[in-house]
Structures are given as C-alpha cells and as structure tokens.
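All remarks here apply to the structure that follows.
Both ligands and their constituent atoms are indexed starting at 1 by order of listing. What you see below is based on every heavy atom in this structure, not just the backbone, and it leaves out hydrogens, waters and symmetry mates.
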Amino acid sequence: MNQIDLLNTTCPTLEEARKEMSRLLEERPSNYSLPQPLYNDPHMFRIDMEEVFQKEWLFVGMTSEIPAKGDYFTVEIGQNPVLVVRDADGDVQAFHNTCRHRGSRICQEHRGKVANLICPYHKWAYDLKGNLLFAGTEMGDAFDMKQHGLKKAHTKVGGGFIFICLAKEEPEGDFDDFLKTMDEYMEPYDVENTKLAVESNMYEQANWKLVIENNRECYHCHGGNHPELLNTLLEWDDTNDPRAPQEFLDQYARQSAEWEAENIPHERRDHGNNRNRVVRMPLQEGKKVMTLDGESGCKKMLGRIKNPHLGSMRILHLPNSWNHMQSDHFIVFRVLPISAQESIVTTKWFVHKDAVEGVDYDVERLRLVWDATNDQDRVLGEENQLGINSVGYEPGPYSETFEFGVINFLDWYSDTVQKNLKD
Ligand code: 3BY
Ligand code: FES
Ligand code: FE
C-alpha cells in the first residue's frame, strides 16, 4: 500500500496502532534494531509522519538557494506541500503550499522566482509574506481578505540552514542553542555568498529510519561498500569514537591546533542529548576534500577559508539530515519519507557564488564520490528493508562501539514518538 492509499483509507485501527507503537517502543531494548512493523507497517508510518515529521524541526534547504526577494523552492513533507520563499524584507518564510480558495497547490515548480504568489487555478494572489492581495471581484461583500492569507509553517535559520516545523506550536527544547552553534560554526563558510552547484534526488525503497540508521555508522564502510568515499573519509564517526586508534587522535590533535590558530571552529558540540551534533573531523592524511583523489573540488575556497585541509565539519541533525562542510565546497543531505518503504534522499553541492562552472569547478568531478556513495547506501538500505520484511526477521543487536550513532538515533526517535503520542 502506498502513502496515498493509506491516507485515503479510513482506518478504524489507527488508535490501536498508536497504542501498539507506544508499547513496542516502550518495551524495545535500546541497543537492538526496531520491531518489524516500525519499518514497514503503513499505520506506524502514518504515526511517524504525524508525530515526527509534522511536529519536529526539519531541515529543508539553505538560505543561499533563495538569495533574492521572490526566490523560492518547494518541498513535500509527506502529503504536505510547503513553499519556502525569500520575502521583500530579506527574511525566509515557509508557507503551506495550498491556496486559501479551494486548496490548489500554488507553486508547482521545484524552484523559481516570483513577484507575488499566484494560484494557477483561479488566480488568487498573495504577497511574499502570505497576505492575500487579490481574490477577483466576485467573492461578495462579506468576504474578508485578511482571513485568507497563506498558512505559515514555523521557520528558523541557523548558519544558513533553514528548518521548518509544521506543528501548530513549536516543539519545546533547546533548538535555539543548536542554531547558535550553527551560526558560530558556519561563520567561516559565509553561506550567503555560496550557490547551489548541483542537486540530486534519489528515490530509495526503504523506510526513512533505515536511511538515517545507515548514515549514523561506518561499520558498513568495511568490506568494500564505499571504495570512492574511503579514499578520503576516515571510518571514525566522531572525535571521541571509541574505536579510534592513537594515530587518529594524534592526527586530530595536529590538525585541530592548525584550525584553532585560524579560528576555525572544530570542537564537538552536542545539542539535545545527541539529537543534533556538530564536529569537525580530519580526512585521510594529505586529502583536502571528498573528491575521488582528495584534491580540490573547486578552485575558489569558501568564505574566509585559506587552509584547504579543513577536513569535514559534520552536522548531524535528527530526524532528517547529515552534512559535510569542507574548505572549497559543502554538501547537504536531506531525507524525506514517501511511504512506509519509500524515501527520497536529496543531496546538494554548494560552491562559492563567484566560482565559474567549467573554470573553477567541474560538476561531474564534484559530485562523483557522493553520487557513488549514495547509490551504494541506497542498495544497502533497500536490502535491509527486504530482509526486515521477512517473517524470519527478528530485531538484532547493535555494536556499542561501531553503531553508537544508530543507538543514539533510535533512542531519540523512541523518546520523541512516545512523548508526542502522549501530548
Ligand atoms: O560520512 C557519512 O556521512 C556517513 C558516516 C559513515 C558512512 N556515511 C556515509
Ligand atoms: Fe487557488 Fe482557486 S484554488 S484561486
Ligand atoms: Fe554508507
């Protein structure tokens, strides 16, 4: 059953599914993979959408994707189309992309530029702050334009990253502290002076949690799963990775001393008990960035950066992103669920806004390693899903040293769903 079927079905057992999901999460051992229905049951998927994707802060894109007034991009959070636009004051706004007349989607393109937001159906027009400007002449005297503005989604920006929240009330928590870290750690990159070089949208037949689980460990990096990536990436997931040998710690000490001298933030910051994490990690000795040979991806460095050897600053955000910030380009990743067993992984590569394609950078070269890596991870995720669907599947144990990131993710997920189900 796909998501459309699911959401169009009146489901007498949804309440039971909520109780069952609560029970499964409460009873699960924390360092085991989840029970099967949490990865493939359409009711449980619907609860994930309601309790996680419609309630929590989600990463949607970067401010430099919409540098000027009227620039917009669209994003689908399940069946909720959203448009993100730069308004006339230079602020980022997010609106439900549904017209207040009869609900048509307003912006139908993936990205574009508009003076006002005009619904294609009967041409109602809204300004960039969502106010209804024009509704024809036939709506009658009692019609109140002010009551028919676009519905807003909450929006917050930190370090050029745009987060939205579809809940009526913003979730409680220390999200603003994370945003402060983002402002501080992203300062050297000067995101406003970057541009999107290229974007990929990869369809994956796996539950969104399998996509995130896969990203939060490099256990699978062994055994030839990621030959291109491992030319440059070290398999340690964090500066305090329990597996990291002295050699790595020495390299980190050496490189982080350089970074400090250059005022490049690097120290691990953790927000919300491992929910959102920022840390700069060295790459393999001598490698500059995650290209195939580890040499520059773009001749123009980002922001005020002079040292090409900045490793990669990882920004891990739950529920839906991971990111790699390097000296001459950065890469952001966003996961959005489509159905219980389908997700879409969007990857975007950014370079300095004055960098010239074909002169300063070559798109094919820039994207090669992560295109290959994403595709390898897609196969791993899809195979994981197929095996989990078996009657023979039983939750299995995570390694606390190799898979601590997965344990952290599922602990956050489990706590969040249980808490939101009670609210
Ligand atoms: O580097 C990443 O984004 C993660 C961590 C390990 C494997 N994976 C591709
Ligand atoms: Fe938008 Fe009618 S649905 S103008
Ligand atoms: Fe991987």
Side-chain angles (χ1 to χ4, degrees), residues 59 81 83 95-108 116-126 130 132-139 143 145 148-151 202 204 206 210-239 241 243-244 277-284 287 289-290 311-318 320-326 330-335 345 347-349 369-384 399 401-406 408-409:
F59 170 59
L83 75 93
F95 300 108
H96 288 275
N97 189 8
T98 170
C99 180
R100 294 298 309 281
H101 178 218
R102 280 165 52 197
S104 170
R105 270 201 321 176
I106 299 166
C107 296
Q108 296 156 354
N116 290 306
L117 296 158
I118 302 184
C119 178
Y121 204 175
H122 313 95
K123 307 291 184 280
W124 281 26
Y126 305 85
L132 182 60
L133 292 176
F134 173 78
T137 52
E138 305 303 320
M139 295 311 294
F143 178 69
M145 302 271 283
H148 293 84
L150 292 180
K151 291 202 178 159
M202 182 181 78
E204 178 165 343
L210 296 176
V211 181
I212 295 290
E213 285 183 26
N214 174 264
N215 172 262
R216 292 312 197 252
E217 50 91 357
C218 211
Y219 191 3
H220 71 269
C221 298
H222 289 277
N225 276 323
H226 289 318
E228 298 84 357
L229 185 67
L230 290 194
N231 279 340
T232 55
L233 189 90
L234 290 166
E235 66 177 276
W236 323 119
D237 280 316
D238 209 329
T239 46
D241 191 312
R243 303 166 299 154
R277 181 152 52 97
V278 186
V279 64
R280 183 176 305 279
M281 291 284 290
L283 293 172
Q284 300 246 10
K287 303 290 170 75
V289 293
M290 288 182 237
S312 165
M313 186 169 83
R314 290 180 187 201
I315 301 169
L316 302 180
H317 152 78
L318 293 176
N320 78 322
S321 85
W322 67 91
N323 307 281
H324 284 290
M325 306 292 139
Q326 307 167 90
F330 64 78
I331 317 171
V332 302
F333 301 80
R334 179 186 76 193
V335 183
V345 178
T347 307
K348 297 173 187 173
W349 289 258
V369 167
W370 273 99
D371 271 349
T373 305
N374 282 339
D375 201 53
Q376 291 147 2
D377 281 325
R378 177 186 61 73
V379 175
L380 296 169
E382 292 182 345
E383 289 298 328
N384 197 357
S399 153
T401 44
F402 275 55
E403 293 166 306
F404 60 90
V406 187
N408 290 340
F409 161 48

Check your understanding: Step by step, would you call Met281 with Leu234 a side-chain contact (heavy atoms from CB on, under 4.5 Å)?
Key -> CA-CA 9 Å; Met281 291 284 290; Leu234 290 166; 5.7 Å; no
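- Ring to ring, His226 and His220 are close: their centroids are under 6.0 angstrom apart.
- Atoms CE and CD1, from Met290 and Ile331 in turn, are 6.0 Å apart once rounded to the nearest 0.5 Å.
- Which parts of ligand 2 touch Ser104 is read off a 4.0 Å heavy-atom cut-off, strictly below it: atoms 3 (S).
- Atoms of ligand 2 found under 4.0 Å from any heavy atom of Trp124 (numbered from 1 in listed order, with element): 4 (S).
- When hydrogens are left out, the protein atom nearest atom 5 (C) of ligand 1 is Asn215 O, 3.5 Å; that is the closest non-hydrogen contact.
- Per-residue contacts place Lys123 under 4.0 angstrom from the following atoms of ligand 2 (heavy atoms of the residue considered): 4 (S).
- When rounded to 10 degrees, the angle formed at the Fe ion (ligand 3) by NE2 (His220) and NE2 (His226) equals 100°.
- Taking the side chain as every heavy atom from C-beta outward, Glu213 and Glu403 never approach each other to under 4.5 Å.
- No other N/O/S atom of Asp377 lies as close to the Fe ion (ligand 3) as OD1 does.
- Contact analysis puts His324 in contact with ligand 1, with a non-hydrogen atom separation below 4.0 angstrom.
- Only side-chain heavy atoms of Cys119 come within less than 4.0 Å of ligand 2; its backbone N, CA, C and O stay farther off.
- Trp322 and Phe409 have their aromatic ring centers separated by at least 6.0 angstrom.
- Here the protein heavy atom with the shortest distance to atom 3 (S) of ligand 2 is Arg102 N, 3.4 Å.
- In terms of modelled atom types and a separation under 3.5 Å, the side chain of Asp241 and the main chain of Arg243 share a donor-acceptor contact.
- Centred on atom 2 (Fe) of ligand 2, the angle running from His122 (ND1) to His101 (ND1) is recorded as 90°, rounding to 10°.
- With respect to atom 9 (C) of ligand 1, the closest heavy atom belonging to the protein is Trp370 CH2, 3.4 Å.
- Distances shorter than 4.0 angstrom occur between a heavy atom of Glu217 and an atom of ligand 1.
- Per-residue contacts place Tyr121 under 4.0 angstrom from the following atoms of ligand 2 (heavy atoms of the residue considered): 2 (Fe), 3 (S).
- No side-chain heavy atom of His122 sits under 4.5 Å from any side-chain heavy atom of Ser104.
- Salt bridge status for Arg216 with Asp237: absent, with no side-chain N to carboxylate O gap under 4.0 Å.
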